[in-house]
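Every value quoted in this text rests on a predicted model; they were computed, and no experiment measured them. Chain A is the first sequence line, chain B the second, and so forth, proteins listed ahead of strands; every chain is numbered from 1.
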Number of protein chains: 2
Amino acid sequence: MKKTVSERADILPVLGEVFRAHGYEGATLALISEATGLGKGSLYHFFPGGKAQMAGEVLAEIDAWFEVNIFAPLRSAEDPARAIAAMLKGTEEYFRSGRRVCLVGVFALGAARDSFAAQVNDYFARWGDALALLLGRSGLSSSVARRRSEDAMLSIQGALVLARARDDAKIFSRAMAELKLRLLAE
Amino acid sequence: MKKTVSERADILPVLGEVFRAHGYEGATLALISEATGLGKGSLYHFFPGGKAQMAGEVLAEIDAWFEVNIFAPLRSAEDPARAIAAMLKGTEEYFRSGRRVCLVGVFALGAARDSFAAQVNDYFARWGDALALLLGRSGLSSSVARRRSEDAMLSIQGALVLARARDDAKIFSRAMAELKLRLLAE
DNA sequence: GACTCTCTGTACTGATCGGTACAATCTCCG
DNA sequence: CGGAGATTGTACCGATCAGTACAGAGAGTC
């Protein structure tokens with residue numbers, strides 16, 4: 001048997017795309033095996049906990065990416081307008097301008113939410129907190145900052161749903177552009 | 001064997017809840033059978049096309065409900081403010097103030113979108129058109145009306161995702177209240 | 001070259017998948 | 001009351017599910 005020396009770091013993104021495309025229940029081991037090029041032996045070697053562990057680690061990896069590239073910059077930003085623009089640019093790139101779907105959102109809607117409730121909740125909570133903090137620092141009252149940050153979270157998710165529903169990625173880009181104005185208004 | 005005289009009309013809503021809760025791929029026939037109280041014999045008697053037909057008819061039923069209770073009133077409304085308030089009230093009730101999820105949105109995000117693309121797209125297209133028409137009649141330019149109606153579609157979907165992700169139905173109610181102001185602004 | 005330890009493919013498990021077949025029972029209509 | 005057609009439960013189908021067992025191959029170490 002050959003040894004393909006697959007790294008965990010190479011596998012997780014592929015796993016992520018499978019879960020994105022088929023959801024938790026739809027992502028069968030056969031699909032995963034095909035997408036990763038790994039047999040069950042390897043899969044269960046890396047993830048003894050099976051599908052649940054795979055999904056959990058994928059979520060954690062996504063969370064870590066957002067923590068580094070989106071949340072942390074938001075928290076430590078000097079210029080609010082610049083920070084918001086950067087956040088929007090980052091999310092637009094991450095979601096491939098609406099052609100890619102949010103795995104956390106997919107899990108949130110499905111039955112998988114129960115199993116991953118903490119991770120799902122945390123992701124949005126930390127994003128929302130970081131954004132609200134920034135908006136607060138830009139002069140908005142904390143209640144307005146809260147409401148606007150919640151509006152941003154929900155607009156991003158909704159734009160992804162609608163873009164995919166109508167098969168029109170431009171919906172997402174339009175929503176991000178409008179969100180930028182709305183976040184900084186007044 | 002008894003005859004429970006189950007009406008198609010009684011079955012569809014139950015089917016809808018099963019699909020809502022588990023998604024298309026997650027809704028197994030065993031789950032459906034249990035929820036409806038119907039054996040496979042009855043299920044396949046009513047829906048010879050199996051799961052796909054069930055899902056298709058559920059979508060059609062939902063579409064019909066919205067057509068009658070939301071879209072049509074929007075198109076024929078006299079008073080825009082009143083019509084929007086009615087739409088928001090209707091959707092808030094339908095989605096049980098954020099505790100219920102949108103089946104069309106669930107399908108849109110999953111792999112089932114491909115099979116039901118036309119129905120999924122149509123639902124949002126007709127809602128968006130009806131709302132844009134109304135907003136246009138209220139004096140907004142057609143491009144602004146379009147953008148705002150798109151914003152409404154996406155806010156509803158996003159609010160449902162976020163409410164479920166954070167397990168906080170109030171997010172949905174807040175979003176609907178804010179949407180009302182935003183739709184009628186200026 | 002032998003000993004590990006890591007990685008991998010394959011064969012297998014029992015359970016469950018969606019779907020079919022069919023006979024038994026019911027309701028309705030005359 | 002006696003068919004006819006609608007409705008039902010159950011047994012069954014092959015395929016596929018998630019997961020296990022395990023032997024063999026690779027690489028590193030001595």
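Looking at A:Arg182 and A:Ser155, their side chains do bring a donor and an acceptor atom within 3.5 Å of each other.
For the pair B:Ser149 (side chain) and B:Gly128 (backbone), a donor-acceptor distance under 3.5 Å is present. The backbone N or O of A:Leu38 lies less than 3.5 Å from no partner atom in the side chain of A:Ser42, so there is not a single donor-acceptor pair. Counting only distance, with no hydrogens or angles, the side chain of A:Arg148 and the backbone of A:Leu140 share no donor-acceptor pair below 3.5 Å.
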Could I get a table of every N or O pair under 3.5 Å where one atom is in the protein and the other is in nucleotides 16-22 of chain C?
{"unit_1": "C:dC17", "atom_1": "OP1", "unit_2": "B:Thr28", "atom_2": "OG1", "d": "3.3"}
{"unit_1": "C:dG18", "atom_1": "OP1", "unit_2": "B:Lys51", "atom_2": "NZ", "d": "3.1"}
{"unit_1": "C:dG18", "atom_1": "OP2", "unit_2": "B:Leu29", "atom_2": "N", "d": "2.7"}
{"unit_1": "C:dG18", "atom_1": "N7", "unit_2": "B:Lys40", "atom_2": "NZ", "d": "3.4"}
{"unit_1": "C:dG19", "atom_1": "OP2", "unit_2": "B:Tyr44", "atom_2": "OH", "d": "2.7"}
{"unit_1": "C:dG19", "atom_1": "OP2", "unit_2": "B:Lys51", "atom_2": "N", "d": "3.2"}
{"unit_1": "C:dG19", "atom_1": "O5'", "unit_2": "B:Tyr44", "atom_2": "OH", "d": "3.1"}
{"unit_1": "C:dG19", "atom_1": "N7", "unit_2": "B:Lys40", "atom_2": "NZ", "d": "3.1"}
{"unit_1": "C:dG19", "atom_1": "O6", "unit_2": "B:Lys40", "atom_2": "NZ", "d": "2.2"}

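Per the geometry, CG belonging to B:Leu43 stands 12 Å off C1' belonging to D:dG9, to the nearest Å. What separates CD of A:Glu34 from C1' of D:dT16 is a distance of 15 Å, to the nearest Å. Distance A:Arg8 CZ to C:dT6 P: 13 Å, rounded to the nearest Å. In this structure, A:Asp10 places its CG atom 11 Å from P of C:dT8, rounding to the nearest Å.
Salt-bridge check for A:Arg146 with A:Asp129: passed, with a basic side-chain N closer than 4.0 Å to an acidic carboxylate O. Ion pairing of B:Arg20 with B:Glu17 is present here, as a side-chain N (NZ or NE/NH1/NH2) and a carboxylate O approach within less than 4.0 Å.
Between its two ends, the helix from C:dG1-D:dC30 to C:dG30-D:dC1 turns its axis by 0°, counting five pairs per end and rounding to 10 degrees.
Phosphate contact (OP1/OP2 of C:dC7, side-chain N/O of A:His45, threshold under 4.0 Å): present.
B:Tyr24 does not carry B:Arg113 over the face of its six-membered ring by the limits of under 6.0 Å from the centre and within 45° of the normal.
Ring pair B:Trp127/B:Phe71 is tilted by interplanar angle, where 30° to 60° counts as tilted.
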